[in-house]
Amino acid sequence: MSPPDAGARALARVFLEQTLSAEGNALMLEDATREEVVRRLAAAGRAARAGAVTPSGGRTSSDAMATGPKIAEAPNLETLAALVASCSRCTLHESRKNPVFGEGAADARVVCVGEAPGAREDETGRPFVGRAGHLLDRLLMSIGLPRTSVYICNVLKSRPPRNRDPLPEEVSACAPYLLRQLALIEPEVIIAFGAFAARTLLETKSALGRLRGTVHRYSGYPVVATYHPAALLRNPGWIRPTWEDLQIARRMLDGVGDREARIG
Ligand code: SF4
């Protein structure tokens with residue numbers, strides 16, 4: 001058997017480092033992801049041997065994936081944001097107008113995580129703007145947290161075209177950025193806004209209605225799941241349960257344990 005080429009070795013190294021950095025987190029280890037890595041290893045090997053380049057700037061897919069180790073080693077949020085700005089780890093970089101890295105206090109006690117940038121976020125490069133963003137601000141204020149005191153970001157840093165659901169390989173490619181953001185900020189509580197963010201962080205297919213009202217864990221961080229502000233604009237009846245979920249986060253910040261903080 002001939003030795004693997006450099007591109008394939010780079011991909012294998014990235015996969016192993018992501019696996020190690022995930023500390024057993026199955027988000028990185030889904031069967032689909034494994035199959036994708038194997039498929040990409042084979043494709044990268046073929047591309048490297050053929051000297052293939054991508055349409056986006058002449059980088060091979062192995063070059064793009066090789067940025068993986070830099071993510072886990074980013075010393076601060078600014079460096080990580082620069083990596084996102086030049087990221088081509090998935091095809092969403094081809095259609096986005098702006099990356100939406102996230103914003104807020106680098107030492108925030110709370111990190112709010114949504115699904116992915118929408119049209120306004122893509123235009124502005126900022127997360128949770130527009131009517132949904134204003135509603136988020138008011139919800140946070142209801143538990144004594146000005147927007148400037150928290151950190152706000154999404155699972156994906158680039159907008160899926162026409163706001164379609166993110167694909168598993170896009171989530172897999174982008175997850176190291178969120179993991180590094182959390183590692184740098186070390187929040188006391190994560191609030192997952194919306195079913196997609198909650199299911200992604202908690203690695204479940206359960207309905208949001210079954211996930212809210214209690215405290216979960218993601219990479220060791222407490223997670224409270226609740227409705228997305230955009231959904232609240234369509235369903236005002238969900239504002240009350242959302243407020244109750246945010247009270248769980250408030251109680252966690254006030255030093256109450258997981259079991260005592262949950263509803264009921
Ligand atoms: S969604 Fe994430 S992985 Fe994909 S291009 Fe944007 S920053 Fe990179």
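All ligand and atom numbering here is 1-based and tracks the order in the structure. FYI, side chains are in, hydrogens and waters are out, and symmetry mates aren't considered; it's all heavy atoms of this structure.
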Quiz item: Quick one: nearest non-hydrogen protein atom to atom 4 (Fe) of ligand 1, plus distance?
Solution: Cys90 SG, 2.3 Å

Practice problem: Check the angle between the aromatic planes of Tyr151 and Phe101 and answer parallel, tilted or perpendicular using the 30° and 60° thresholds. | Solution: perpendicular

Quiz item: Is the distance between atom 6 (Fe) of ligand 1 and the nearest N/O/S atom of Ser88 smaller than 2.8 Å?
Solution: no

Quiz item: Looking only at heavy atoms, is any part of Arg96 under 4.0 Å from ligand 1, and if so is it the side chain, the backbone, or both, or is it neither?
Solution: side chain

Quiz prompt | Within 6.0 angstrom of Arg240 CZ, more than 12 heavy atoms from elsewhere | solution = no

Quiz prompt | Sub-4.0 Å atoms of ligand 1 with respect to non-hydrogen atoms of His93 | solution = 5 (S)

Exercise. Identify, by atom number and element, the atoms of ligand 1 in contact range of Arg89, meaning under 4.0 Å from any of its heavy atoms.
Key: 3 (S)

Exercise. Examine all N, O or S atoms of Cys87, backbone included, and report whether one is under 2.8 Å from atom 4 (Fe) of ligand 1.
Key: no

Quiz item: Does the Ser142 side chain pair with the main chain of Leu139, one donor and one acceptor, at a distance under 3.5 Å?
Solution: yes

Exercise. Could you name the option among Ala173, Ser158, Ala116 that has the heavy atom nearest to atom 6 (Fe) of ligand 1?
Key: Ser158

Practice problem: Grab the two heavy atoms, one from Ala173 and one from Cys90, that are nearest each other, plus how far apart they are. | Solution: CB-CB, 4.0 Å

Quiz item: Which heavy atom of the protein is the closest neighbour of atom 2 (Fe) of ligand 1, given with residue, atom name and distance?
Solution: Cys174 SG, 2.3 Å

Self-check item: Check: His216 side chain, Leu211 main-chain N or O, donor-acceptor pair, under 3.5 Å
Solution: yes

Self-check item: Asp122 side chain to Lys97 backbone, donor-acceptor under 3.5 Å
Solution: yes

